[in-house]
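Reading through the structure tokens given below for one structure.
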Amino acid sequence: KTPAISTLFESLKPNFDNIIKASDIFLANKKQNINKEENQKLVQKILDNGAIFLSKMNQIVGNICPTFSVRCPVLISSS
């Protein structure tokens, strides 16, 4: 990993953590059939953080394989 890619991966953590936390609360509320209004906010939080997370993942993939076409040899060889 390059320092730039490591930094990008580190920047994912807050969004990932927000998605996990909001999802856990949402599922607990849903299981108990409570807090429907809060659940709407949690869903929006999941969607907002998911969009940021995916954008950052696109940056990472772009840095790993800047001339990404149909296949990325770096990704294929590491699996």
Side-chain angles (χ1 to χ4, degrees):
K1 276 194 246 185
T2 68
I5 292 174
S6 293
T7 301
L8 286 169
F9 270 111
E10 289 171 15
S11 75
L12 288 172
K13 185 155 176 44
N15 301 105
F16 180 78
D17 290 344
N18 284 333
I19 293 167
I20 297 300
K21 184 178 177 183
S23 297
D24 287 344
I25 295 168
F26 174 85
L27 291 172
N29 288 347
K30 200 74 169 153
K31 186 176 182 180
Q32 296 176 8
N33 200 25
I34 59 172
N35 296 326
K36 291 181 182 184
E37 192 172 310
E38 180 187 16
N39 280 349
Q40 289 298 316
K41 293 176 186 176
L42 291 168
V43 168
Q44 191 58 53
K45 186 173 189 175
I46 293 165
L47 292 172
D48 292 344
N49 279 278
I52 296 167
F53 180 90
L54 290 175
S55 175
K56 290 177 181 179
M57 284 301 296
N58 282 336
Q59 286 182 285
I60 291 169
V61 171
N63 277 304
I64 292 172
C65 230
T67 57
F68 199 94
S69 59
V70 176
R71 294 184 177 208
C72 178
V74 174
L75 295 177
I76 293 169
S77 67
S78 66
S79 44

Could you state the interatomic distance from NZ (Lys41) to CG (Asp48), rounded to the nearest 0.5 Å?
13.5 Å

Asn15 side, atom CG; Ile20 side, atom CD1 - distance, nearest 0.5 Å:
11.5 Å

Contact summary for Ile46 and Ser23, nearest pair of heavy atoms
CD1-OG, 3.6 Å

Interatomic distance, Leu12 atom CG to Asp17 atom CG [nearest 0.5 angstrom]:
10.5 Å

Could you give the distance from CG (Leu8) to NZ (Lys56), rounded to the nearest 0.5 Å?
8.5 Å

Give the cluster check for Leu47 versus Ile19: same hydrophobic cluster or not, with ILVMFWY residues linked at side-chain heavy-atom distances below 4.5 Å.
no

Gap between atom CD1 of Ile60 and atom OG of Ser11 - 0.5 Å precision
6.5 Å

What residues, two or more places apart in sequence or in another chain, satisfy side-chain contact (heavy atoms from CB on, under 4.5 Å) together with Asn39?
Phe26, Asn29, Lys30, Leu42

In terms of hydrophobic clusters joined by side-chain contacts under 4.5 Å, are Ile52 and Leu54 together?
no

Counting only heavy atoms not in Glu37 (residues, nucleotides, ligands), do more than 12 fall under 6.0 Å from its CD?
no

Are Phe16 and Val43 connected into the same hydrophobic cluster when the rule is that any two of I, L, V, M, F, W, Y join if their side-chain heavy atoms are below 4.5 Å apart?
no

Ignoring hydrogens and angles, tell me if any N or O in the side chain of Thr7 forms a donor-acceptor pair with the backbone of Pro3 under 3.5 Å.
yes

